[in-house]
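Accompanying notes for the structure given below.
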Number of protein chains: 2
Amino acid sequence: MSTALPIWNNEISSRDRILDAAETLFAKRGYSGVGLREVAEVVGLGKSSLFHHFKNKPQLYAAVCGRILRRIEESLMRTLAAGGTPVERLERWLDDLLSLLVDNPSYARVLLRSLFEDDDLAGEMPEEVEVERAIASIMGSAGALLREGMGSGAFRPANVPHTLLTLVGITVFPFASGDFGREILGGDVFAPAEVQRRKQELRDFLRSGLIARAER
Amino acid sequence: MSTALPIWNNEISSRDRILDAAETLFAKRGYSGVGLREVAEVVGLGKSSLFHHFKNKPQLYAAVCGRILRRIEESLMRTLAAGGTPVERLERWLDDLLSLLVDNPSYARVLLRSLFEDDDLAGEMPEEVEVERAIASIMGSAGALLREGMGSGAFRPANVPHTLLTLVGITVFPFASGDFGREILGGDVFAPAEVQRRKQELRDFLRSGLIARAER
DNA sequence: GTCTATAATAGGATAGAC
DNA sequence: GTCTATCCTATTATAGAC
């Protein structure tokens, strides 16, 4: 019954290798576009073996999404705990989030795709509940930061929920946009130089918007 | 052979009813999540009848996406042709785009989902080529507007491709975000009051960013 | 923990009657 | 232009041997 490995064990468990394979495939083709046969094939297992680790497909999907969201949550907590002014914390968080999305090219796509599946993650299984919890935690912390900054005058007064949607749109979307983003930019969104540029453009946009001051 | 109806005919063609049904379903469950059986059922036809109007599933999908993109293209062209300063044209365009997305709740989801399907729209069929053309046309016009505004000093100097990605992220994403957006906002993203608020928040964000001037 | 075998269903697509 | 019938393959999931 003990599936936990000793900490000095370097082997990656079957469960994690299944999650890795499923994550990549879900990013590429979405929930319905991925068959468990293909997941098993990538991992190097028989199809039926997957059901020993996850009781069905929705649970596997929720486990993939949950793992991503927990990592984002951890990153956010670490960033916020490091202190600084609200502006510093916001900019550091967005920087770290972008780094995380770039280091794990499947994340942005899996996340946005999952937001579009209103049905497929709405169950009562523990993995699905965990997804909801992580989302609420992340958005709660980000919202609190925005409110603190607006209260102290560091941020312009704005509608907090709409600002949260805006922040998700400008940070996550570009790294999920695949060929579209590549065509717009004329190069890979994940290339280091392009990532640096995106971070800079994001900071500038948050500081000044787009419209020049003379026009206001 | 003539499938074209006389202009005084009020009946909606089977082809259009198939496109309508497919659009709604693709928005809900994505390309792979929709079976042609279900599309046919919604329209009230047998599954095989669909193949008389579209030769296969990829073509139907491309036709759905193409119809949406053409409407956005038309809206953009009309807006840009109406003249005004770059700031006026940009703000009018975003306003009109949001109205279009709100009037057609499937649009945002179908569009963003299609951007995540690098494979499923990359063929050589005329419908797929048309999708590419419309995207290039829309992004070309928007990019030209940005460059014009930056040249005249109306917009802050910024990286045009990244700004395009940002604009897509802040305009389209919220209306594709479904339950997530609903939870963040505490209400329906498509409710008239919320749409008005989003338009206002968008204008403010473009004019001032998020960070207060005192902090700069 | 992984395997083979199997069940039951749904998928896209075609042929041909009407 | 729509239908029924059919083909072949893939899907999720289970049972039970090893």
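Below, read A as the first sequence line, B as the second, and so on, with proteins coming before strands; counting in each chain starts at 1.
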Look at atom NZ of A:Lys199 and say whether more than 12 heavy atoms of other residues, nucleotides or ligands are closer to it than 6.0 Å.
yes
Are the aromatic ring centres of B:Phe205 and A:Phe205 under 6.0 angstrom apart?
yes
Partners of B:Tyr31 by side-chain hydrogen bond (donor to acceptor under 3.5 Å, both in side chains), sequence neighbours excluded?
none
If you measure from CG on B:Leu101 to CZ on B:Phe173, what distance do you get to the nearest 0.5 Å?
13.5 Å
Which residues, if any, of residues 116-124 of chain B bring a heavy atom under 4.0 Å of DNA chain D?
none
Heavy-atom neighbours of A:Glu132 CD exceed 12 at 6.0 Å
yes
Reckon A:His52 has a side-chain N or O less than 4.0 Å from the OP1 or OP2 of C:dC3?
no
Which letter, B, S or -, goes with each nucleotide of nucleotides 4-16 of chain D from 5' to 3', with contact meaning a protein heavy atom under 4.0 Å?
BB----SSBBB--
State, without any angle test, whether A:Arg198 and B:Thr166 hold a side-chain donor-acceptor pair at a distance under 3.5 Å.
yes
So, taking the atom named CD1 in B:Ile12 and the one named CG in B:Asp20, what distance separates them when rounded to the nearest 0.5 Å?
6.5 Å
Nucleotide C:dA13, atom P - distance to NE2 of B:His53 in whole Å
16 Å
Rounded at 0.5 Å granularity, tell me how far CZ in B:Phe190 sits from CG in B:Leu98.
9.5 Å
Distance in angstrom units between B:Glu41 CD and D:dC3 C1', rounded
16 Å
